[in-house]
Enquirer: 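One structure follows; several queries about it will come next.
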Amino acid sequence: MLSLSLVILATPHAYAANAQVTISSGASNTGGTCSPTSCFNPQTMNINVGDTVTWTNYDTVGHTATSGNPSDNQTGTVFDSSLIAASRTYTSPAFNIAGTYNYFCAVHPWMTGQIIVGSGASQPTPQYNPPPQYTPPPQYTPPTQNPNADITISRGASNTGGSCSATSCFNPNVYSANVGQSVTWYNADTVGHTVTSGNPSDNRTGTIFDSSLIRSGGSYGLVFNYAGTYNYFCQVHPWMTGEIIVGGGASQLPPQPQYTPPPNNVIISSGASNTKGTCTATSCFNPQDVYINIGNTVTWTNYDTVGHTATSGRPSDPQTGTIFDSSLISAGRSYTSPPFNVQGTYNYFCQVHPWMTGEIIVGNGVSQSSQLPSTIPVDGTSYSITYAITNGNVLDIKANPQSKSLTVSIQTTGDGLLTITMPRALIDAKKSDGTDDQFVVLNDGQLNSQSYVTSTTGTDRTLSVPFKAGTQQIEIVGTFVVGEFSSSSQSNPSTQTPYSINVQTDKSSYNSGDTVTITAYSPNVSAGQNVAILVTDQLSNVVASRTTQFNGQGYATLQIGLPSNSQAGTYQITASASSNGNYLTGSASFTTTSNIYTPSTPSITSGVSIVSVQPTNQLGNNVVTSYSKGTTGFVKVVVSSTSSQSALITVNLVGSDGTSLGVGSIKTSLGTGTSEMVISFYIPAGATVGTANIYADMYSDWITNGGTPLTTESSSTVGIQ
């Protein structure tokens, strides 16, 4: 029996808020000019003191949110996101001082924005001592000649555009000297340059000599004690090259110690960012394909003039960066990967310029696990599965048509990889349009976001599942599992037949922030029978998990509000119920077509919000971590309202096995400010031990009375013991 107690307490204190800024799709292609929404949306954000700001990147390339302006010498001192990859987010520290904070994208510096905290007028605090104002020195223009110099770095050398004559960069660009002679370079240009031995593509640049930066009007000298030909270049402008021929050019250098380079090096080529979407084997990553041994690392060095990344995966993969991710490699900097301890082929790309791609081939490029295939029958079916596993053994595989999954029991000896080839006739994952969907993979009940499909044919699909030492069970969930059981099965087929639930939505496509009305129908249920509704996005993230009831005609209706930052894509709806010993299931899908919140339901912006949902004691003044079976549990819901209005608040407690333990609700009148409600549940003695989910929603009224969602769903967890 579900009981309900209500305590409404007006609380005077305010809760810090989190403001949302979208990095717009196509922001990197705005060409240096941004409107109020085309780069950062909104470009100017007003918040209160103590609030935070979250940036979400809806563009296809990486961006940053860096405090200051591109011309400041204090950029990033207040906040700096580093590179925000596509579809990722960054949340700032709390803005505890009123004022106006400018920020920009360090990768695309024309993208600028502003955070106005409070009134925007700065409130000085004794803890903050800004640095003294920086006043740059007046521009110095050196003379074009220095009679004491042997080689002049010519005026305008930095503007030669990648092509140098015999005198336009280093003058002369070929210089002859005697053994023991000192050679002096003089910088007559208005910007800094270097004189660095080697060539831009060498991995030994600067090992013989390196001037560091020679400022405008400065000089650098060096004595050449050995005959030979010495190539050199400017690291800042690498097309500027020169040559010193000492003693006729025949090398008389003493023996040098053997140079052992790192296992493998990749050069990010000069001009890679200007290849405009097409790369050769050397023009972007050089080499584009790298062959290494198991246990080796790879080092990327950026010879381009802009930042790049080396990020595992491909731009279209949902698991980019899970094996390695360099973050932004600035010009002249390097990044070294972790060791590649598993044989195979690893794709990677640059998040800033995603057409730049490469491959790391470890060993012979074939996954170790695929070299030792084994076959095992699937319990309860006539099918067998081919698999390979590193650092472990497969004990058995069971099919579960109720949960549409395969359960693989394993015994591990360390971290490893399970590669499993599954016949489509046994298990498959499909979208509503019939195209392949992703499998959901759970390692010991926890979502495994690193699993990936390695090959697909018309008859089967191969899935690779990384696991940690100690993992005992891997569950692979699709949209279909064969319901065929062998005669040796002890299960009663009549209790496992998936009776149909017809699931429909009021529309096939929605915008972010819209309300979705879901209707489930089954003639095989009685009035009051519970039905669980699960809504997941295209990455299998849970958007809503609710329990409602069928009426006397076999219909159940539920409404959910899509979050305002919903990703565009296909969303899946799964309905399940148990009636008279039969398992009932059904599914449907819908799409969202916009990442920008354009609500078609005005009540979603009604000025109310669920601040928090917490399991507590009876008085609501102490958070608890678990409920005991056969006792009463309490949930405190804190809501906020900007005006007086009526609201229906519901709380649904769902056990770890997906069973609803009770639904509580209260209709109340909200005042301005915050209110607290404590709702009590009786925890059944037969509840499943584990982690339960608490889901809270707020409506204007019952759906049957025309009510609509006022907020998106909030949730919390609690243990059942």
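Every value quoted in this text rests on a predicted model; they were computed, and no experiment measured them.
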Enquirer: Before we go on, tell me: are the rings of Y348 and F285 under 6.0 Å apart, centre to centre?
Expert: yes
Enquirer: When rounded to the nearest 0.5 angstrom, what is the spacing between CG in D428 and NZ in K404?
Expert: 12.0 Å
Enquirer: Of all the heavy-atom pairs spanning A310 and S326, show the shortest one and how long it is.
Expert: N-OG, 2.8 Å
Enquirer: Are V21 and T56 close enough, and set up right, to give a side chain to side chain contact (heavy atoms under 4.5 Å, CB included), and what steps lead you there?
Expert: CA-CA 6 Å; V21 176; T56 302; over 6 Å; no
Enquirer: Given V441 and E475, is the side chain to side chain contact (heavy atoms under 4.5 Å, CB included) satisfied, shown in steps?
Expert: CA-CA 6 Å; V441 180; E475 185 176 10; over 6 Å; no
Enquirer: Taking all non-hydrogen atoms of both residues into account, name the closest pair between S337 and W300 and its distance.
Expert: CB-CZ3, 3.9 Å
Enquirer: Just checking, any donor-acceptor pair under 3.5 angstrom between side chains of T457 and D460?
Expert: yes
Enquirer: Checking S334 against T299: is there a side-chain donor and acceptor pair closer than 3.5 Å?
Expert: no
Enquirer: Can you check whether C279 and C284 have SGs under 2.5 Å apart?
Expert: yes
Enquirer: What I'd like to find out is whether the side chain of Y387 reaches to under 4.5 Å of the side chain of I376, using heavy atoms alone.
Expert: yes
Enquirer: With heavy-atom distances below 4.5 Å as the criterion, would you say the side chains of I84 and T89 are in contact?
Expert: no
Enquirer: Check step by step if side chain to side chain donor-acceptor pair (under 3.5 Å) holds for S587 and T574.
Expert: CA-CA 4 Å; S587 63; T574 302; 5.8 Å; no
Enquirer: A27 and I23: which non-hydrogen atoms are nearest, and at how many Å?
Expert: CB-CG2, 4.4 Å
Enquirer: Tell me yes or no: between the side chains of T297 and T336, is some donor less than 3.5 Å from an acceptor?
Expert: no
Enquirer: Between N443 (side chain only) and Q472 (backbone N and O only), is there a donor and an acceptor less than 3.5 Å apart?
Expert: no
Enquirer: Under the 3.5 angstrom rule, does the side chain of D59 hit a backbone N or O of S28 as a donor-acceptor pair?
Expert: yes
Enquirer: Evaluate the side-chain proximity of K629 to V689: yes if any heavy-atom separation is below 4.5 Å, no if none is.
Expert: yes
Enquirer: Indicate yes or no: at least one non-hydrogen side-chain atom of L426 is less than 4.5 angstrom from one of V378.
Expert: yes
Enquirer: Please report the interatomic distance OG(S384) to CD1(I397), rounded to the nearest 0.5 Å.
Expert: 9.0 Å
Enquirer: Is the side chain of T625 donor-acceptor paired with the backbone N or O of G719 at a distance under 3.5 Å, no angle test?
Expert: no
Enquirer: Report yes or no: does T309 contribute a side-chain atom to a donor-acceptor pair with the main-chain N or O of Q351 at less than 3.5 Å?
Expert: yes
Enquirer: N286 side chain to I267 main-chain N or O, any donor-acceptor pair under 3.5 Å?
Expert: no
Enquirer: Name all residues meeting the ring pair (Phe, Tyr, Trp, His ring centres under 6.0 Å) criterion together with F349; count only those two or more places apart in sequence or in a different chain, and write none if there are none.
Expert: none
Enquirer: Taking all atoms of both residues into account, what is the closest heavy-atom pair of V266 and P287, and its distance?
Expert: CG1-O, 3.9 Å
Enquirer: Checking N393 against I410 for the side chain to side chain contact (heavy atoms under 4.5 Å, CB included) test, could you report, in this order, the C-alpha distance in whole Å, the side-chain angles of both residues, the deciding distance, and whether it holds?
Expert: CA-CA 6 Å; N393 297 303; I410 64 174; over 6 Å; no
Enquirer: If you measure from CE on M422 to CD1 on I427, what distance do you get to the nearest 0.5 Å?
Expert: 5.5 Å
Enquirer: Do T412 side-chain atoms and A469 backbone N/O form a donor-acceptor pair below 3.5 Å?
Expert: no
Enquirer: Checking the side chain of D537 only, and the main-chain atoms of Y571 only, is there a donor and an acceptor separated by less than 3.5 Å?
Expert: no
Enquirer: Can you find a pair of side-chain heavy atoms, one from F590 and one from S509, that are under 4.5 Å apart?
Expert: no
Enquirer: Spell out, as yes or no, whether a donor-acceptor pair under 3.5 Å connects the side chain of T280 to the backbone of S283.
Expert: yes
Enquirer: For residues Q288 and E359, determine if any side-chain heavy atom of one lies less than 4.5 Å from a side-chain heavy atom of the other.
Expert: no
Enquirer: Out of curiosity, L442 CG to T471 OG1, how far, rounded to the nearest 0.5 Å?
Expert: 12.0 Å
Enquirer: Taking atom types as modelled, find out whether S715 and N693 have a side-chain donor-acceptor pair closer than 3.5 angstrom.
Expert: no
Enquirer: Counting N and O atoms only, with roles assigned by atom type, does the side chain of N400 sit under 3.5 Å from a partner on the main chain of S405, one being a donor and the other an acceptor?
Expert: no
Enquirer: When rounded to the nearest 0.5 angstrom, what distance separates CD1 in I292 from CD1 in I360?
Expert: 6.0 Å
Enquirer: Is the shortest heavy-atom distance from the side chain of Y510 to the side chain of T505 under 4.5 Å?
Expert: yes
Enquirer: Taking R333 for its side chain and G307 for its backbone only, find out whether a donor-acceptor pair lies under 3.5 Å.
Expert: no
Enquirer: Testing the basics here: between Y335 and I329, what is the closest heavy-atom pair and its distance to 0.1 Å?
Expert: CB-CD1, 3.8 Å
Enquirer: Between Y346 and F324, does the ring centroid distance fall short of 6.0 Å?
Expert: no
Enquirer: I would like to know whether I573 and L534 meet side chain to side chain contact (heavy atoms under 4.5 Å, CB included); could you show each step before the answer?
Expert: CA-CA 6 Å; I573 305 171; L534 177 69; over 6 Å; no
Enquirer: Between CD of Q559 and CD1 of I518, what distance do you get to the nearest 0.5 Å?
Expert: 9.5 Å
Enquirer: Under a 4.0 Å N-O cut-off, is there an ion pair linking R424 with D436?
Expert: yes
Enquirer: State, with a plain yes or no, whether a side-chain heavy atom of S508 is found less than 4.5 Å away from one of T591.
Expert: no
Enquirer: Where is the tightest heavy-atom contact between W355 and S273, given as atom of each residue plus distance?
Expert: CZ2-O, 3.6 Å
Enquirer: Any side-chain donor-acceptor pair under 3.5 Å between N448 and Q446?
Expert: no
